[in-house]
Amino acid sequence: MKDIHNIARKEFKDTIRDKRTLMAMIVVPLLLFPVIFTIVSGLQSESMEKAMSRELKVALAGSEVPAGLQDHLEGGQNLRLIPFGRDTSYRRYVRSDSLDAAIAVSEDFQSRVDNMQTGRIIIYFQSTDEGVGQRLSNLLDQYRAKLRRERLAKLNISEEDIQPVMLDMVDMATMQEKIGKYIGGFIPYIFIIFCFIGAMYPAIDLFTGEKERGTIETILTTPVKRIHILTGKMSVVVATGIISALLAIVGLFGGLNFADTLPAQITEVTGDILQPRFILLLLSMLIPLTIFFAGILIPISIYAKSFKEAQSIITPINILVILPGIVGLMPGIELDLQTALIPVINIALATKEIVAGTIDYGLLGVVYTSLILFAVLSVAFSVRYFGRETNILRT
Amino acid sequence: MIEINELTKEFRLNRQQRKKIVSVAPSIKAVNNISLTCRPGRIFSLLGPNGAGKTTTLRMIATLLKPSSGSIRVAGLDTQKDGKKVRGSIGFLTGTTGLYDRLNPDELVTYFGRLNGMDSATLERRKRDLFHTLEIFSFSGKRIGELSSGMKQKVSIARTMIHDPEVVVFDEPTAGLDVITAEHIIDLIRRCKDDGKTVIFSSHIMSEVDLLCDDLAIIHEGKILFDGTMDHFRSQMVNGSLTQEFIRIVNNAKTQAQ
């Protein structure tokens, strides 16, 4: 036990002094969410604000623009009207971005409106200019509503007379269920990835690194048993994976609290999901999973002669971690006896059900059994592999 | 004391390895039935060309590899039965031995002292003595990655000797080192002899062997071609120079094998 502690203490010190590991283990998971939230919400609100407050240059075309319409348009905010009269070149100007949009009023507009017919107004705009079409149609909708009210009054008809059915949709699902359905599977998945990435660099550094630096013989010629060396090192690999995931949770909390421009519903629901009970449940699944990851990463790192070789073998394995996670996010795939047995998928699915409050505890038991079994198998494989002299001294 | 008795190490060959050495045999004997004795207070040199089986032999002494047959006793203990105790009585150093760049010399030497089961007081005392003798104090708090190769070699020596091992195993200890740095190693080997330790070192440099060793074994393709004292070797030389004599013995063995 003393030997394991000595090895683990030294390896942990060595690991946190490695800038590469430090980046993958602490900086990236801690800052990822706050940075994403800040950028996304910042960009979104900024571009929306910009689109809404920008002054629009709009051509007003038509030989006879009714005074009422002209007054209404002039009352619009941040709108500069450029009278075009009969000139029809405005389409070219809109196309070439010299104008933001054009409003073309048909010649007989006023007479048709007066004769209880439908007058026509065309808005020329480019949908690639965010918000332009929406702003003009909102403005003209108010004008349309005004004419409609006037016409109904003239005909002595009430609004109800022309609206026989009123349809109301009431969604009984809670916001937590709706958002939880999507992010419930997504949140653990993020932590699974951090467990893997957080464990990856220390695994390579603590095993392949020893070979590359020529230190493996020095440690193997000490009186410490090989299994104790392996256990000490493995505990550091597992700890860094778990620390990464924990820091990602801290980062997520921090991001949610500081990014005040995020939609309130997402902030609330994510806050509701991330309760201590949920985090503890998630952690209890992530620990055996990270041990399983370590049990895969370590034999590869023992086998590889160099950091480069280890990375080239591990990179495709990243996909094996990412793919089951994506399967877990797909609609229609649910936790059953089969999916509960597959690592990664089972955590994503089980967490989704825990968030929704529909977890079957029998199946959760299967998930734990499977995770622990895979962890034990992979550790046993690591022990065997580390004991084989040809692997460990392969240079 | 190191007693090697009818020691053999056989490695299984995979297809790639067979192709590399142009062989159809499923395995190769890196060490083939050798017997040697290294005594305390004497320096034993294992001399041989690359691939002769020197490193394999030394790794078996240090319990890094298990013998296929035969036995090794180090300080009276069987390497296969008492591996842990054997490792505790051995100091092992190679020319390519690396150190942990992100630790400082003090942390590194303390780490290895602890792994060798030393108590704090003995460890501190021994570390102080070694750091004093090797003049490590001036850089003992600096990260090893920032040290010069000479400084690193001194730290390697302190690492090897911290637990005051009875037996010291050097595998080509001066390979790749400049003359000044190699001199630290030569001094260390001499000091070990003066302290009455059993020293075995492998080399393919005859001049180094001539400078240091009391007993000599020449090994080629896993077999011992000569085993005796250095004086005996000199007295039965056919060629004038030691290097030429070494080459002659190895070439003779090659001719006989053909």
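Order of the sequence lines fixes the chain letters, A, B, ..., with proteins taken first and strands second; residue numbering starts at 1 for each chain.
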For B:N104 and A:R17, which heavy atoms make the closest approach, and how far apart are they?
N-NH1, 4.4 Å
Could you report the tightest heavy-atom contact between A:P223 and B:N116, atom names first, then the distance?
CD-OD1, 3.0 Å
What residues of residues 197-209 of chain A make heavy-atom contacts with chain B at a cutoff under 4.5 angstrom?
A:D205
With a 4.5 Å heavy-atom cut-off, do A:K10 and B:L108 have their side chains touching?
no
Close side-chain approach of B:Y111 and A:I7, heavy atoms under 4.5 Å
yes
Between [X] and chain A, which part of the residue has a heavy atom less than 4.5 Å away: side chain, backbone, both or neither?
| X | result |
| --- | --- |
| B:R12 | neither |
| B:S89 | neither |
| B:L103 | both |
| B:Y100 | both |

Salt bridge present between A:D18 and B:R102 (N-O < 4.0 angstrom):
yes
Does A:R9 come within less than 4.0 Å of B:E107, counting only side-chain N to carboxylate O?
no
Under 4.5 Å, counting heavy-atom pairs only, tell me which of A:I229, A:D3, A:D14 racks up the most with chain B.
A:D14
Atom OG1 of A:T218 and atom CG of B:L93: how far apart are they, to the nearest 0.5 Å?
10.0 Å
Give a yes or no on this: more than 12 heavy atoms of other residues, nucleotides or ligands lie within 6.0 Å of atom [atom1] of [X].
| X | atom1 | value |
| --- | --- | --- |
| B:M1 | CE | yes |
| A:I36 | CD1 | yes |
| A:E212 | CD | yes |

Would you please test A:K2 and B:R114 for side chain to side chain contact (heavy atoms under 4.5 Å, CB included) and show each step?
CA-CA 9 Å; A:K2 210 173 124 193; B:R114 284 201 188 119; over 6 Å; no
Can you give me every donor-acceptor pair (side chain of residues 60-69 of chain B, partner residue at least two apart or in another chain, under 3.5 Å) with its distance?
| residue | atom | partner | partner atom | Å |
| --- | --- | --- | --- | --- |
| B:T63 | OG1 | B:R87 | NH1 | 2.9 |
| B:S68 | OG | B:E10 | N | 2.8 |

Would A:T221 and B:F112 satisfy side chain to side chain contact (heavy atoms under 4.5 Å, CB included), going step by step from the backbone distance to the final call?
CA-CA 10 Å; A:T221 49; B:F112 278 94; over 6 Å; no
Look at B:G88, B:G91, B:G83 and state which one has the largest set of heavy-atom pairs under 4.5 Å with chain A.
B:G88
Test side chain to side chain contact (heavy atoms under 4.5 Å, CB included) on A:V224 and B:K84; report intermediate values, then the result.
CA-CA 7 Å; A:V224 182; B:K84 194 175 152 118; over 6 Å; no
